[in-house]
Amino acid sequence: MLDLRLIREKPEWVKERLKTRGGQYPIDKVLQLDERRRALLQEVEVLRHERKEKSEEIGRLKKAGEISLAQTIAEQVRNIGDRLKILEEELKAVEKELFENLAAIPNIPHESVPYGESDKDNVVIKKFGDPPSFSFQPRPHWELGEILGIFDFERAAKITGSRFTIYYREGALLERALINFMLDLHIKKHRYTEVLPPFIVNEASMFGTGQLPKFKEELFKLEDWDYYLIPTAEVPVTNLHRDEILPEEILPLYYTAYTPCFRAEAGAHGKDIKGIVRQHQFNKVELVKFVTPETSYEELESLLLDAEEVLQLLELPYRVVVLCTGDLGFAAAKTYDIEVWSPGQNRYIEISSCSNFEDYQARRANIRYRPKGGGKPRFVHTLNGSGLAVGRTLMALLENYQQEDGSVIIPKVLHPYTGGLTKIEPKKS
RNA sequence: GGAGGAGUGCCCGAGUGGUCGAAGGGGGCCGACUCGAAAUCGGCUGAGGAGGUGUUAAGCCUCCUCCGGGGGUUCGAAUCCCUCCUCCUCCGCCA
């Protein structure tokens, strides 16, 4: 949520900055409702004050035994009450509409974000490693999965439906190894605090991070409950501190969480239908930070490096792009995507998204901190990034470490997590 | 799932229709005492919003809202009624 005061004071600047995202946002509507709200509020407050004073007067008169005078005044106050009721209802309606419109406005892109209309305008800012060269035609991971006997899409479709996968043996082991490897790296080396949150959250949490109300069609909702399956650990972890005032001394807070993620993938028909790239359920290790406003852009850079290190240690080639204004997510002010190289599909595929939300989520979720030495609470800045999407990491690992016979070498850093397994051999059958 | 009990400020805790944004205590901050500290004494110490003053600052002033959430009764609600949520105790069930 944007600061209403900012919109009130610099409407033209806000409009101009939001124009870079493309799309239409109800700034004028907000301004108009804000004005109406304040006019009504003043009227209401005058009446409330009058009612309060007269009610107190009645109390005094009754105590003094002036019953009939008290009744006369009570009659007057009833009239005030009737008028108030009408005005308060109108005020409430205006506030609701104002809130809804304000909540529909996305975050303002940071000034360092390049202008652009779509993902084609994103800018590559760094590359790590070179795509490996193969003496044979590298296979996509779903073919390797077949050879190795570690994926089962058919039975997953039977049990649930499309876009679900079953992992067997080394596939399941490797997924588990990757989760533990990533968590250990972030916990021990990068000093994040491990969290294992609920995978189902309520509506207020979804609102806090910006998934609701606008992106409902991308979520799985539990029938007859106002509960949703999380699309990312960002939701429960950022909402850890919803409606809290944190002492500045404990900032910055770093959290890492492994969770499954559930996404409806509405509007993705026909996209990435093969393999494990786009699933309704996938595993992810997430990084979340709560920081002071002054440090949030440095924190974004270090968050990105923390995520990148996973790929560096796995020796998987990747590049980092900065999302342009037109491709930026709703709540983000700036986002870096990490894209890993897929030899089997001959393209870079997004494996992490690291964003600074500034105070946009903090305002929606009411997450503040008390400055050192006291003073008014201020909104924190929140950040998060994948560290990393586990399924896609497994995909990259299979494709980049594949051998001609379909076997796959397991990189050294994972050996402590695979019980000594160093290579996956083709299934004998 | 059934039966009871409870939710008040940073924490504990009083308040059951009128001047209560809320006694008292703890904690924290400031000051006095002290070479310094402890103890003691004094003062200050919730959040949000609207308006005024001020350089669209700090500060100051006036007012409104908030005693788990929402709704209602009343001239007036922390206090009465309804409803939802959360926590605790007992029973049942269960991994």
Side-chain angles (χ1 to χ4, degrees), chain A residues 1-14 30-99 102-103 196 198-208 222 224-228 236 239-251 293-294 359 362-380:
Chain A
M1 193 125 65
L2 293 183
D3 185 359
L4 181 56
R5 216 164 290 160
L6 178 70
I7 295 175
R8 189 151 69 210
E9 284 164 12
K10 296 175 168 179
E12 293 313 315
W13 181 81
V14 170
V30 162
L31 286 169
Q32 177 201 324
L33 287 165
D34 175 49
E35 206 164 308
R36 179 85 188 114
R37 184 187 86 94
R38 282 184 295 162
L40 277 168
L41 190 60
Q42 279 185 45
E43 218 175 322
V44 163
E45 287 188 351
V46 166
L47 287 174
R48 279 178 184 159
H49 181 62
E50 207 175 315
R51 179 180 67 184
K52 193 175 172 184
E53 296 215 309
K54 291 203 164 149
S55 292
E56 283 168 7
E57 176 74 14
I58 291 167
R60 277 194 295 271
L61 288 170
K62 275 194 168 174
K63 228 172 237 174
E66 305 255 19
I67 303 301
S68 67
L69 188 52
Q71 267 166 2
T72 311
I73 296 177
E75 194 53 44
Q76 293 170 12
V77 180
R78 186 173 313 174
N79 289 334
I80 296 173
D82 290 343
R83 277 169 62 203
L84 254 179
K85 198 161 198 174
I86 294 165
L87 287 173
E88 281 176 337
E89 264 167 37
E90 190 181 347
L91 177 63
K92 211 173 186 180
V94 168
E95 285 184 331
K96 182 166 179 272
E97 204 182 342
L98 174 62
F99 183 79
L102 197 56
L196 185 60
F199 304 156
I200 297 173
V201 299
N202 59 30
E203 204 166 328
S205 295
M206 285 295 188
F207 179 84
L222 301 199
D224 299 328
W225 292 76
D226 276 334
Y227 287 174
Y228 298 82
N239 278 282
L240 272 179
H241 296 298
R242 173 151 51 86
D243 292 321
E244 290 185 18
I245 301 174
L246 308 164
E248 183 175 350
E249 288 72 17
I250 67 169
L251 299 178
E294 292 72 22
D359 63 5
R363 191 169 268 113
R364 286 173 87 102
N366 191 29
I367 308 168
R368 293 171 296 171
Y369 73 97
R370 172 102 43 203
K372 275 182 198 141
K376 287 212 162 215
R378 302 172 67 199
F379 288 108
V380 300

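The chains referred to below are lettered A, B, ... by the order of the sequence lines, with proteins before strands, and numbering in each begins at 1.
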To the nearest angstrom, how far is A:E244 atom CD from B:G46 atom C1'?
16 Å

Without decimals, in angstroms, what is the distance between A:I80 CD1 and B:C64 C1'?
15 Å

Could you measure between the two P atoms, the one in B:G31 and the one in B:G70, and give it in whole Å?
41 Å

Does the side chain of A:K376 get closer than 4.0 angstrom to OP1 or OP2 of B:G46 through an N or O atom?
no

Minimum-distance pair of heavy atoms, taken over all atoms of A:P371 and A:P377:
CD-CA, 4.3 Å

Hey, which sits more toward the 5' end of RNA chain B by its nearest nucleotide, A:R51 or A:I245?
A:I245

Between B:G43 and B:C33, how far is it from one C1' atom to the other, in whole Å?
15 Å

Roughly how many Å apart are B:C30 and B:C20, using the P atom of each and rounding to a whole number?
31 Å

Test item: A:R364 side-chain N/O and A:A103 main-chain N/O as donor-acceptor pair under 3.5 Å
yes

CD of A:E56 versus C1' of B:C75: gap in Å, rounded?
12 Å

Work out how far the C1' atom of B:U65 is from that of B:A3, and round it to whole angstrom.
38 Å

Please say whether more than 12 non-hydrogen atoms of neighbouring residues, nucleotides or ligands are located less than 6.0 Å from CZ in A:R60.
yes

State whether the number of non-hydrogen atoms from other residues, nucleotides or ligands found under 6.0 Å of A:Y227 atom OH is greater than 12.
no

B:G27 and B:C90, which share atom name C1', separated by this distance in whole Å:
36 Å

Would you kindly give the CZ-to-P distance between A:F99 and B:G49, to the nearest whole Å?
14 Å

Please classify the nucleic acid contact of A:K52 as base, sugar-phosphate, or nothing, using heavy-atom distances under 4.0 Å.
sugar-phosphate

Could you measure between the two P atoms, the one in B:C44 and the one in B:G25, and give it in whole Å?
13 Å

Mind checking whether A:D34 and A:I7 have side chains closer than 4.5 Å, heavy atoms only?
no

Do A:H49 and A:E45 touch side chain to side chain, with heavy atoms closer than 4.5 Å?
no

So do A:R8 and A:R5 actually touch side chain to side chain, heavy atoms under 4.5 Å?
yes

Write down the atom of A:L91, the atom of A:R37, and the distance for their closest heavy-atom approach.
CD1-O, 3.7 Å

Apply side chain to side chain contact (heavy atoms under 4.5 Å, CB included) to A:N239 and A:V201, showing your working.
CA-CA 10 Å; A:N239 278 282; A:V201 299; over 6 Å; no

Which heavy atom in A:L102 sits nearest to a heavy atom in A:V30, and how many Å separate them?
N-CG2, 4.0 Å

Rounding to an integer number of Å, can you tell me how far A:L47 CG sits from B:U65 C1'?
15 Å

Note: A:E248-A:R378 ion pair, threshold 4.0 Å (strictly below):
no

Taking the same atom, C1', in B:A23 and in B:G13, what whole-Å distance lies between them?
10 Å

Just by modelled atom types, is the A:F379 backbone N or O under 3.5 Å from a matching donor or acceptor in the A:D359 side chain?
no

If we only count heavy atoms from C-beta on, is the A:P293 to A:Y369 side-chain gap below 4.5 Å?
yes

Go ahead and write out RNA chain B as dot-bracket, 5' to 3': ( ) for pairs within the strand, [ ] for ones crossing earlier pairs, | when the partner sits on another strand, dots for unpaired; Watson-Crick or G-U wobble, both distances under 3.5 Å.
((((((((.[[[..)..(.....]]]((((((.......))))))((((((((.....)))))))).[[[[[..)....]]]]])))))))....

Strictly below 4.0 Å, heavy-atom distances to any atom of RNA chain B: list the hits from residues 33-46 of chain A, or just say none.
A:R37, A:R38, A:L41, A:Q42, A:E45

Can a side-chain donor-acceptor contact be found between A:D226 and A:N202 if the only test is distance below 3.5 angstrom?
no

Check whether any side-chain nitrogen or oxygen of A:H49 sits under 4.0 Å from OP1 or OP2 of B:C63, and answer yes or no.
no

Residue A:R48, side-chain heavy atoms: nucleotide from B:G76, B:U73, B:U65 that is nearest
B:U65

Within this structure, what is the CZ-to-C1' distance between A:R5 and B:A57, rounded to whole angstrom?
14 Å

Please write out the pairs of protein N or O atoms and N or O atoms of nucleotides 26-30 of chain B separated by less than 3.5 Å, giving the distance to one decimal.
none

In whole angstrom, give the distance that lies between atom CG of A:D82 and atom P of B:U73.
11 Å

Examine B:A50: is either OP1 or OP2 under 4.0 Å from a nitrogen or oxygen in the side chain of A:R8? Give yes or no.
yes

If you assign A:K85 and A:E9 each to the RNA chain B nucleotide with the nearest heavy atom, which residue ends up on the more 5' nucleotide?
A:E9

Round to a whole Å and report the spacing from CG of A:D243 to C1' of B:C85.
14 Å

Could you measure between the two P atoms, the one in B:C84 and the one in B:G4, and give it in whole Å?
15 Å

Give a yes/no on whether any side-chain N or O of A:K92 is located under 4.0 angstrom from OP1 or OP2 of B:G71.
yes

Given B:A47, is OP1 or OP2 found less than 4.0 Å from the side-chain N or O atoms of A:R370?
yes

